[in-house]
Amino acid sequence: LKQVFSKDKTFRPKRKFEPGTQRFELHKRAQASLNSGVDLKAAVQLPNGEDQNDWVAVHVVDFFNRINLIYGTICEFCTERTCPVMSGGPKYEYRWQDDLKYKKPTALPAPQYMNLLMDWIEVQINNEDIFPTSVGKCKEEVL
C-alpha cells in the first residue's frame, strides 16, 4: 500500500467539503444513497429544494476523488515502457493538447497523459469561478 500512496504517483488527496456547510450535507446524502445499494438513477436525482449546481459540483468532486483512488491502485502497473500510448483499445488513441506546452494534439505515454489530465481536472475543481466553495454561486454557463 505504501507504493499506492507515494507522492510521485498521480494519486491526490481528496478535496473535502467543510463540515457544517450545505455542500457537506449534500455530500453526506450522496454518500449514504450510493452506499445503501439503491438505484443509481434515484441516487443522483436532485433532492427537492436543493440547488442543481451545488448538487452537480458535489458529484463531480466525488467522482474525481473516486477516480483518483482507482487510478492510484493501478498506476504502478502502467509505466512509460508498458503503456507507451494512451489508448482506449486498438482503435482509439488519446492525445494531449493544452494550448500551453502542447499546442497540438500530442501522443504521450499513458502515465504522462494521466498526470496531465488529473492536474488539469484538479485545477478546474479548485477554480472558484467554476466550483465556488460558497453555496449557490456557480456560474450557470459553466455547468
Side-chain angles (χ1 to χ4, degrees), residues 1-48 50-102 105-143:
L1 258 185
K2 195 174 192 180
Q3 290 176 339
V4 172
F5 297 105
S6 169
K7 288 183 182 180
D8 62 340
K9 299 291 183 184
T10 298
F11 177 80
R12 290 157 175 79
K14 286 185 173 187
R15 178 171 179 206
K16 298 185 180 187
F17 299 102
E18 193 68 36
T21 65
Q22 185 177 4
R23 286 228 177 130
F24 180 75
E25 295 305 315
L26 288 171
H27 169 71
K28 284 189 347 187
R29 188 183 302 179
Q31 290 300 104
S33 63
L34 288 173
N35 293 333
S36 67
V38 298
D39 176 30
L40 284 179
K41 185 176 179 183
V44 296
Q45 284 183 340
L46 178 67
N48 288 333
E50 298 297 344
D51 182 78
Q52 182 177 10
N53 289 326
D54 290 332
W55 187 241
V56 169
V58 165
H59 284 284
V60 167
V61 172
D62 281 344
F63 183 71
F64 176 70
N65 289 336
R66 290 170 195 265
I67 292 299
N68 269 320
L69 286 173
I70 292 168
Y71 184 65
T73 63
I74 64 167
C75 65
E76 69 182 273
F77 303 106
C78 184
T79 65
E80 290 192 10
R81 187 178 60 76
T82 61
C83 302
V85 175
M86 181 66 188
S87 68
K91 292 185 178 183
Y92 302 98
E93 180 179 321
Y94 297 96
R95 295 177 177 221
W96 186 259
Q97 179 179 357
D98 59 15
D99 295 328
L100 300 170
K101 183 177 178 183
Y102 301 94
T106 306
L108 298 171
Q112 188 177 354
Y113 182 96
M114 286 302 298
N115 281 327
L116 290 167
L117 177 62
M118 297 308 257
D119 287 345
W120 182 85
I121 294 169
E122 190 170 29
V123 167
Q124 304 311 304
I125 287 175
N126 291 324
N127 182 339
E128 284 285 324
D129 290 334
I130 300 172
F131 292 94
T133 53
S134 301
V135 175
K137 294 188 179 180
C138 289
K139 289 185 175 182
E140 293 285 334
E141 66 275 5
V142 174
L143 295 176

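What you see is a predicted model, and the numbers here were worked out from it, not measured in a lab.
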Task: Least distance between heavy atoms, P111 atom then C78 atom - done: CG-O, 3.1 Å
Open item on the list: Is there a side-chain contact between I125 and E122 in this structure, where contact means two heavy atoms from C-beta onward sitting under 4.5 Å apart?
Closed with: no
TODO: Side-chain contact test, heavy atoms from C-beta onward, threshold under 4.5 Å: evaluate it for V60 versus V56 and give yes or no.
DONE: yes
Open item on the list: If we ignore hydrogens and angles and just use 3.5 Å, is the side chain of N127 paired with the main-chain N or O of V123 as donor and acceptor?
Closed with: no
Task: Y113 and V85, any side-chain heavy atoms less than 4.5 Å apart - done: no
Task: More than 12 heavy atoms from other groups under 6.0 Å of CZ on F63 - done: no
Task: Close side-chain approach of W55 to P47, heavy-atom, < 4.5 Å - done: yes
TODO: Sequence neighbours left out, what pairs pass side chain to side chain donor-acceptor pair (under 3.5 Å) with at least one residue falling in residues 83-94?
DONE: E93-R95
Open item on the list: With rounding to the nearest 0.5 angstrom, report the CG to CG distance, D98 to L117.
Closed with: 11.5 Å
Task: F64 and M118: CA distance, side-chain angles, deciding distance, side chain to side chain contact (heavy atoms under 4.5 Å, CB included) verdict - done: CA-CA 9 Å; F64 176 70; M118 297 308 257; 4.0 Å; yes
Task: Partner set under side-chain hydrogen bond (donor to acceptor under 3.5 Å, both in side chains) for E80, not counting sequence neighbours - done: none
Task: C75 side, atom SG; I70 side, atom CD1 - distance, nearest 0.5 Å - done: 12.5 Å
- [ ] Return yes if a side-chain donor-acceptor contact under 3.5 Å exists between D99 and Q97, otherwise no.
- [x] yes
Open item on the list: Looking at N68, is its backbone amide N or carbonyl O close enough to the side chain of N65 to form a donor-acceptor pair, meaning the two atoms are under 3.5 Å apart?
Closed with: no
